[in-house]
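Quick caveat: nothing in here was measured; it's all calculated off a predicted structure. As a basis for the values below, the full set of heavy atoms in this structure was taken, side chains included, without hydrogen atoms, waters or symmetry mates. Counting starts at 1 for both ligands and their atoms, in listed order.
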Amino acid sequence: MVLLDGKKTSSDIKDEIKVTVTTMKERGEKVPHLAAVLVGSDGASLTYVGSKVRACEYVGFDSTLVELPDTTTEEELLNTIKGLNENDDIDGFIVQLPLPKHIDEQKVLMAVSPDKDVDGFHPENFGKMALDMESFIPATPFGILQLLERYQVETKGKHTVVIGRSHIVGRPMSILMSQKGPAGNSTVTLTHSYTKNLSEITKQADIIIVALGVPEFLKADMVKEGVVIVDVGISRVPDASKKRGYAIKGDVAFAEVSEKASFITPVPGGVGPMTIAMLLKNTLLARERNT
Ligand code: GUN
C-alpha cells in the first residue's frame with residue numbers, strides 16, 4: 001500500500017510556486033494577490049482561512065483577509081464582492097463557505113467575477129471546465145487530479161466510483177475523471193443518497209473518491225483488493241482523549257480499508273493540504289491570465 005501523501009505533494013507544489021514568485025519579483029513584476037472573505041466566526045472556516053493566508057505568505061503572494069460579522073447583510077456582502085471585482089490589485093478571491101443562513105449563497109457566488117473566481121465556483125467556470133475550455137478548476141478536485149498524476153496512478157480505462165454529488169467535489173470530480181487528459185479517461189459512476197446497492201457498485205471500483213462527510217462510512221467489505229482510495233472527508237468527532245476535545249476523521253475506515261488498498265490518502269494529510277496548494281496555483285494562473 002502506498003500513501004498518497006498530500007502534505008508532501010502540496011509542499012512540493014508550494015515550493016514550485018515560490019520559485020515562480022521569486023522570479024516574478026526579480027523581474028520587477030507584480031506578485032499574485034489573493035483575497036479571502038470570511039463572514040461570521042465558524043470555527044472550521046476560521047482555521048481554513050488562516051491556513052490559506054499563511055500559505056500565501058509562504059509562497060510570497062500578497063494576501064488580504066476581509067472579515068465581516070455574522071450580522072452582515074447580503075447587500076453588504078455583494079458590495080464587498082463588487083469592490084474586490086473592481087480592485088485591479090487583487091488577482092483572485094474566494095468567499096469562504098458556508099455563509100450565514102440569511103445570505104443566498106448562489107447569488108453571492110454568481111457575483112464573483114469569473115476572471116477572479118479562483119475557487120472555480122462560478123457557473124461560467126464550471127461550464128468551461130465541463131467543456132474542456134480554459135477555466136479555474138475547483139481547488140479540491142484539482143488537488144485530487146494532481147495527487148493521482150504525481151503518484152502515477154493509472155486512471156485510463158479504470159472504473160472510478162465517486163460517492164457524493166456536491167457542487168464543490170463530487171459533481172466536478174465525476175466530470176474531470178471522465179475527460180481526456182492526465183488523471184482522466186476513466187469510466188465514472190457518480191453515486192449519491194438515492195443510489196441502490198452502493199456496496200455492489202463500490203466493490204467493482206478500481207478507484208473510489210468519497211466526499212460525503214460521514215465519518216468512516218466506507219468499510220473494508222465495500223471495496224475490492226487493490227483499490228485506490230481518495231478520502232475527501234474531514235469531520236470533527238468528539239474525542240475526550242484529545243486535548244482539543246475532538247479527532248479528525250475521514251469518510252473511510254482507514255485502518256481496515258488501507259489493508260486492501262493499493263493507494264490511499266490519509267486524513268489528515270491527504271486531500272486537505274492539496275486544496276490549499278491548488279488555490280495558490282489558481283491564483284498564480286489568475287495573475288498570469290490577467291497580465
Ligand atoms: N468551504 C469548504 N471548502 C471550501 C472551498 O474550497 N472554498 C470555499 N470558498 N469555501 C469552502
Inspect the contact between [Y] and [X] and indicate whether a charged nitrogen and a carboxylate oxygen are less than 4.0 angstrom apart.
X      : Y      : result
Glu154 : Lys158 : no
Lys224 : Asp206 : yes
Lys30  : Asp62  : no
Lys25  : Glu29  : no
Lys219 : Glu259 : no

Output yes when the distance from some N or O of ligand 1 to some N or O of [X] is under 3.5 Å, and no in every other case.
X      : result
Pro98  : no
Ile168 : no
Asp119 : yes

Go through ligand 1 atom by atom and flag the ones less than 4.0 Å from a non-hydrogen atom of Val95.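 Here the atoms of ligand 1 in question are 8 (C), 9 (N).
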Cation-pi check, Lys281 onto Phe142 ring (under 6.0 Å, within 45° of axis):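 Checked: cation-pi criterion not met.
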Checking Arg171 against Phe126: charged group under 6.0 Å from the ring centre and within 45 degrees of the axis?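 No, cation not above the ring by the 6.0 Å, 45° rule.
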Among protein heavy atoms, which lies nearest atom 11 (C) of ligand 1, and at what distance?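 Residue, atom and distance for the closest contact: Gln96 NE2, 3.4 Å.
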Hey, is [X] touching ligand 1 through its side chain, its backbone, both or neither, going by heavy atoms under 4.0 Å?
X      : result
Tyr48  : neither
Leu279 : neither
Leu97  : both

Is_contact(atom 1 (N) of ligand 1), protein non-hydrogen, under 4.0 Å: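 When distances to the protein are checked, atom 1 (N) of ligand 1 has a heavy atom within 4.0 Å.
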